[in-house]
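All values below were derived from every heavy atom in this structure, side-chain atoms included, with hydrogens, water molecules and symmetry-related copies excluded.
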Amino acid sequence: MPREVLQGTLDLMVLRTLAAMGPQHGLGLAKRILQVSEGLLDLNQGTLYPALLRLEQRRWIKSRWGVSDNNRKAKFYELTARGRRQIREETENWELTVALMAKFLVKPAGES
Amino acid sequence: MIWGRILDAFRRRRLDTDLEAQLAYHLDGLEAEGRAQGLSPEDARAAARRAMGGLTQVRDAYRDQLTIPVIEPLWLDTRYTLRALRRNPTFTVVVVLTLAVGIGANTAVFSVINSVLLKPLSYPRSEELVALRHVAPGAGSSALNLSPSMFLTYSEQNRTLQALGVWTTTISSVGPTEPEQVRVVVVSDGVLQALDVPPAAGRWLSAADQLGATRPLPSIFKAVTTVMLGYGLWQRRFGGDPLVVGRTIIFDARPMLVVGVMPRNFRIGDTEPDVIWPVGFDRERLTLAGSSAATFNYQAVARLKPGITIEQANADVERMIPIWMRSWSDGPGTTSQMYESWKLAPALRPLKDDVVGGVADMLWVVMATIGLVMLIACANVANLLLVRAEVRQRELAVRAALGAGRGRIVRSLLVESVLLGLIGGAVGTGLAYGGLRVLVALGPTNLPRLSEISLDARTFAFTAVLSVLSSVLFGLIPALKYTGPQISAALASLGRTASVSRDRLHTRSVLIVVQVAIALVLLVSAGLMIRTFEAIRSVQPGFTDPEHVQVMRMFFATSVVNDAVRATRLQNDMQDKLSAVPGVTSAAFGSAMPMEGFASNLGVVNSGSVRADDRPDQASDPLPPRLFKYASPGFFKTAGTRVLAGREITWTEVYGLRPVVMISENLARELWGTPRAAIGKHLSQGSGMPGHEVIGVVEDMRENGLDQPAPATVYWPTMSSYLNRTVAAPTTIRQVTFIVRSTRAGTEGFLNQLRQAVWSVNPSLSMMPRTMREVYDRSLVRTSFTLVMLAIAASMALLLGVVGIYGVIAYAVSQRRRELGIRAALGAQRRELSGMFVRHSLVLSGIGIVIGLVAAAALTRLMSTLLYGITPLDPVTYVAVPLVLMMATVIASYVPARRAASADPVEALKVE
């Protein structure tokens with residue numbers, strides 16, 4: 001069963017995807033995110049755009065208009081230096097959270 | 001992040017198109033993909049839309065991202081409100097004007113209070129400055145100043161003062177040609193040091209200058225050689241030339257060296273001096289109460305040591321009073337017993353209280369009344385907003401139905417009222433600015449610190465707070481009334497029946513009751529002031545036709561004419577010359593006219609006790625002090641004072657140094673029962689002074705103002721051998737007020753002729769002319785200023801109250817048209833219908849009047865110090881004012897009520 005985007009996780013997904021792929025337009029981002037999530041994520045692709053605007057307002061990404069593979073005008077987003085720093089911080093945060101939760105979620109012996 | 005959002009908020013339109021382009025690109029991409037997977041074009045489009053999710057939500061979320069938080073929604077409300085207000089110009093103008101007048105009046109009065117009462121005096125560390133005075137209940141004095149010996153004791157023995165100085169005022173002529181009369185403040189060492197204002201040029205007067213000015217009393221001005229100029233005279237007469245320092249200037253025909261100039265707005269007490277002279281005291285010649293000539297004539301100003309309180313300084317002075325009594329004597333055979341019986345006690349207070357003391361009461365009363373007017377204005381605006389909310393009810397209900405929360409609607413209603421309040425405040429500030437310009441120009445000249453009045457940051461803050469607070473006050477009433485849970489019910493019943501608005505009509509009725517009650521309080525206050533004014537105006541001042549009496553202060557300095565007899569001849573010449581000016585009925589002079597405000601008269605005793613020689617019971621001290629005045633032959637005839645018995649003094653008696661006096665009616669009655677019985681009796685000051693024969697008794701004169709009792713007065717001849725209690729060389733009074741009776745008084749041509757007459761007698765004399773009417777009006781200025789302010793406040797209250805009643809009745813009529821139509825159709829008489837509404841409003845204002853009467857009875861007690869001749873519960877006022885209000889109510893409700901009665905039944909029924 002695909003899941004909805006957990007609050008606050010979409011930002012990191014977008015940033016990581018941009019870090020991995022370089023400058024990318026909204027459609028490409030959406031495709032890549034869905035591809036990486038291997039069907040686990042149920043993304044309303046439209047919600048990407050308010051998120052992109054928010055990231056841009058925070059100066060983590062910047063955008064410019066360019067020409068896409070099929071020769072159409074499209075808006076391309078790319079990471080800024082601040083965005084890279086943000087990825088590092090957020091990644092650490094998540095790793096900590098995951099490690100922490102893992103300790104609680106270990107099934108004790110005997111429990112089925 | 002917030003900056004990014006604010007920036008984007010300004011690129012909103014472009015970003016909007018950006019989003020649309022991106023969404024279109026995205027959809028196209030998904031659609032193409034779908035078709036590539038073999039879907040039909042329709043299916044591909046549908047699939048693409050599904051994958052995108054709700055586009056409306058996306059756009060909303062995107063746009064939310066583009067707003068500035070908090071400010072943006074308020075700005076939207078504001079723009080919406082402004083549009084709505086523009087669509088209702090009448091409503092907007094009425095509300096804004098009502099508020100502007102209310103806020104403007106409050107701003108103006110507050111700025112006066114701020115400048116006069118709240119702002120510190122313009123001296124460095126002015127909170128350390130105190131005025132040093134005494135009370136002497138035993139001598140009937142509540143404000144006794146210092147004698148020179150007291151000043152010396154205090155300045156040498158005190159432990160709490162950094163600096164102490166004494167000062168007094170006089171006049172002089174600055175010459176040499178066409179001399180101009182100037183205000184002089186004579187200061188001892190310590191005054192300038194205490195006030196601590198640096199000179200604008202040159203230096204302060206020094207202790208050496210004061211020493212140089214030491215002189216045998218009473219002719220204190222003999223040895224003055226150095227002088228400081230005030231800013232006004234410096235600019236006026238010397239063009240602000242800094243080189244005036246070091247120059248020699250002629251004062252009263254005698255040269256003096258200018259050593260310094262004080263800066264603009266420098267004051268000593270509330271006096272802005274033209275000239276400052278030094279004075280020193282000769283220790284060898286001083287006695288307890290000065291020499292026998294100078295009494296407690298010197299005002300004292302002191303600067304407390306840091307950290308010292310007024311109480312500590314008071315205790316310090318209390319400690320020094322016995323030291324003073326032990327250190328000095330009044331000469332052989334006298335004791336300090338007399339002063340002990342006076343029960344001297346120190347009464348220090350902050351210098352500011354001393355300067356503004358008399359007007360604080362009045363200003364707070366005016367502020368309170370203007371504040372009440374503001375409340376009435378708020379009630380009126382609240383009423384108007386209620387009507388408006390009634391009209392907008394459908395709109396509000398629709399907005400509520402569309403999902404606007406209660407908070408949202410309250411917010412938009414409050415935005416409207418705050419906006420109205422701020423616009424009203426802005427217009428009101430303009431009104432206040434204009435009003436203050438008028439006030440400063442025409443204002444009461446004895447309002448202290450008048451020239452300092454201005455709009456400053458504190459005033460603007462007050463206005464802003466007042467605007468916002470009052471708008472929340474009047475805005476909350478409709479906001480809460482119209483946004484309750486029943487609001488959707490309103491949508492259903494709208495326009496059906498009148499019963500929905502019962503509750504709102506009730507609110508408006510309460511507002512009317514409040515308005516009437518406040519208006520009544522204000523009208524009663526104004527009424528009391530009018531009655532006070534009447535009572536004061538009907539007082540016999542002791543002179544007649546003040547507009548035809550020209551009053552001129554003059555100073556015959558010893559440097560102009562030294563010998564007393566020659567001075568008297570000069571004054572006599574002057575009197576003759578002035579009498580000969582065309583149109584003059586008579587002329588004379590005396591030590592002062594009533595209400596001129598000369599507290600002390602240097603060089604001549606102006607109070608003392610006298611004993612009647614045929615009254616052995618008056619042999620010993622203490623006797624009550626009497627006012628001593630000096631009058632030339634013809635003084636009472638010129639002033640228009642009735643001589644009740646006997647006659648006036650003659651020149652022969654003056655030159656013959658005859659021991660004769662005139663006395664006031666109240667003194668004659670006190671000593672001998674009737675004016676006639678006093679004639680031929682004798683009185684003296686004791687100590688070897690021969691008995692002076694009473695040759696005339698004159699009508700009482702209100703020396704200290706119309707609202708003050710006339711003091712018992714002795715009128716001595718202007719020249720006498722006995723001025724200083726004991727026989728000595730003749731002395732004459734040198735600071736005099738000439739009075740000239742003429743129907744031409746006050747006209748420019750007449751004043752020129754008088755001036756020429758003065759200079760023809762002696763070219764180094766100057767005069768400062770006023771009419772007695774000006775003196776009289778000035779003495780009334782506190783009362784008339786309060787009266788005018790309260791009358792303005794009360795008329796505004798009455799007007800607003802009438803408008804309020806009119807509004808409520810008109811509204812009630814319009815709400816009940818249907819019912820009225822039915823009644824008319826069923827045969828109700830027009831008179832009955834209109835009577836119904838008039839009765840309703842009379843009931844409302846009746847309740848308001850009763851509440852108001854109770855409030856007025858409690859509140860007007862606060863203004864009892866401003867009243868004269870009536871009690872705060874003056875029956876005439878308390879009967880007249882409710883009647884006026886009732887009549888106003890009838891008129892205000894009759895007009896709309898008549899419209900109700902004239903409603904055509906058919907027309908009224910057809911409306912719905």
Legend entry - Contact class of A:Lys73 relative to chain B, heavy atoms under 4.5 angstrom: backbone

Legend entry - Spacing of OG1 belonging to A:Thr47 relative to OH belonging to B:Tyr62, to within rounding of 0.5 Å: 14.0 Å

Inset, instruction - Measure the shortest side-chain to side-chain distance between A:Met13 and A:Leu41 over non-hydrogen atoms and say whether it is less than 4.5 angstrom. - result: yes

Legend entry - A:Ser63 and A:Glu56: side chain donor to acceptor below 3.5 Å: yes

Inset, instruction - Heavy-atom distances under 4.5 Å only: say whether B:Gln57 touches chain A with side chain, backbone, both or neither. - result: neither

Inset, instruction - Just give me the residue among A:Ala51, A:Ser68, A:Gly46 that pairs up with chain B most often, heavy atom to heavy atom, under 4.5 Å. - result: A:Gly46

Legend entry - Most contacts with chain A, counted as non-hydrogen pairs under 4.5 angstrom, among B:Leu55, B:Leu27, B:Asp28: B:Asp28

Inset, instruction - Could you tell me which portion of B:Arg50 (side chain, backbone, both or neither) has an atom closer than 4.5 angstrom to a non-hydrogen atom of chain A? - result: backbone

Inset, instruction - Examine A:His25 together with B:Tyr25 and report whether their ring centres are nearer than 6.0 Å. - result: yes

Inset, instruction - Give, as side chain, backbone, both or neither, the part of A:Ala30 having an atom under 4.5 angstrom from any heavy atom of chain B. - result: side chain

Legend entry - Face-on cation placement of B:Arg388 at B:Phe91 ring, 6.0 Å and 45° thresholds: yes

